[in-house]
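Each remark here refers to the structure printed beneath this line.
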Amino acid sequence: MAVPWLRLGAERLFEMPAVLERLSRYNSTSQAFAEVLRLPKQQLRKVLYPLQEVERFLAPDGRQDLHLRIFDPSPEDIARADNIFTATERNRIDYVSSAVRIDHAPDLPRPEVCFIGRSNVGKSSLIKALFSLAPEVEVRVSKKPGHTKKMNFFKVGKHFTVVDMPGYGFRAPEDFVDMVETYLKERRNLKRTFLLVDSVVGIQKTDNIAIEMCEEFALPYVIVLTKIDKSSKGHLLKQVLQIQKFVNMKTQGCFPQLFPVSAVTFSGIHLLRCFIASVTGNLD
Ligand SMILES: Nc1nc2c(ncn2[C@@H]2O[C@H](COP(=O)(O)OP(=O)(O)OP(=O)(O)O)[C@@H](O)[C@H]2O)c(=O)[nH]1
Ligand SMILES: [Mg+2]
């Protein structure tokens, strides 16, 4: 018989009172996450599992292509990851330093993840949302494209490092290619690259160049769809299907499940925290 803890994530939403009861026995479960779990079921699904929310609008035979079950953690695992992203005395979450060249990058032994994407796609906003449980960490965002000019390193306790990259495309820094390409090629402890694509406009020409670069360097990478609060459900579904098909047919190194997120509504943020904790070996 299956152990209830190991059952798939989204299905567990139907047993939420029992999950809440179990989680409340952990002293460490953050207040914020306990509150999320108290949301009405449909809202909860939207926040925790946004792809499942999109899936509801598809005919059953169209659903297999979405690969929803590859990374489908339980609410308990999501709560564990939230704890890793919560700043405490013993789990310091801090900005470390910035660099314009790989040889100026801090020498940090921990596993690292980085966020790349077109300027203005929402990299810094996403990192800020991921760090919402560490409100003292300052991550700068701006309406103007080309805001982030350097690679900014943040450490999450003893667990891993997160790197916010300058954007490519419009108003990219002059030394962008040298800086980012060299980092991606040479950074030894880089465990996963998160390539952000705007869910409103989909994959653009410059995104294709970045995808080709990840493929050429044989990097394990993941496509994150940003700003999903700005898309209607129909438009988001169309983009998800198109991009998923592209990932299935044209890529080798891309994780075959998309991560839709909104830094405004927090949809998908908890799941992404959990994925980061998992790929950096912190949920084993
Ligand atoms: N509605 C909405 N707006 C967002 C979201 N994420 C980012 N934005 C907005 O998009 C703009 C750019 O956000 P940034 O996070 O600075 O983008 P970036 O990718 O870091 O940009 P560069 O540093 O210039 O490369 C800002 O005005 C943000 O408020 C989101 O999820 N939803
Ligand atoms: Mg930025």
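First listed ligand is number 1; within each ligand, the first listed atom is number 1.
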Exercise for the section: Can you pull out the closest protein heavy atom to atom 21 (O) of ligand 1? Residue, atom name and distance to 0.1 Å, please. Expected result: Asn120 N, 3.0 Å
Exercise for the section: Please name all residues satisfying side chain to side chain donor-acceptor pair (under 3.5 Å) with Glu89, sequence neighbours left out, ordered by chain then number. Expected result: none
Exercise for the section: Give me the protein N, O or S atoms that fall under 2.8 Å of the Mg ion (ligand 2), sorted by chain and residue number. Expected result: Ser124 OG, Thr148 OG1
Practice task
Flag the pair Gln257 / Leu51 as yes when at least one side-chain heavy-atom distance between them is below 4.5 Å, and no otherwise.
Solution key: yes
Exercise for the section: Please name the pair of heavy atoms, one in Gln239 and one in Ser199, separated by the smallest distance, quoted to 0.1 Å. Expected result: CG-O, 3.2 Å
Practice task
Look at atom 16 (O) of ligand 1 and find which of Ser142, Ser124, Gly169 reaches it with the closest heavy atom.
Solution key: Ser142
Problem - Nearest protein heavy atom with distance in Å, relative to atom 17 (O) of ligand 1 - result: Gly122 N, 3.3 Å
Practice task
Looking only at non-hydrogen atoms, find the nearest pair between Phe153 and Ala105 and report the distance.
Solution key: CZ-CB, 3.6 Å
Handout entry: Aromatic centroids of Phe85 and Phe33 separated by under 6.0 Å
Key = no
Problem - Check: Phe259 ring centre within less than 6.0 Å of Phe194 ring centre - result: no
Practice task
Say whether Ser125, considering both its backbone and side-chain N or O atoms, lies within less than 3.5 Å of an N or O atom on ligand 1.
Solution key: yes
Handout entry: Option from Lys191, Arg188, Arg192, Arg187 for which salt bridge (Lys or Arg N to Asp or Glu O under 4.0 Å) with Glu112 holds
Key = Arg187
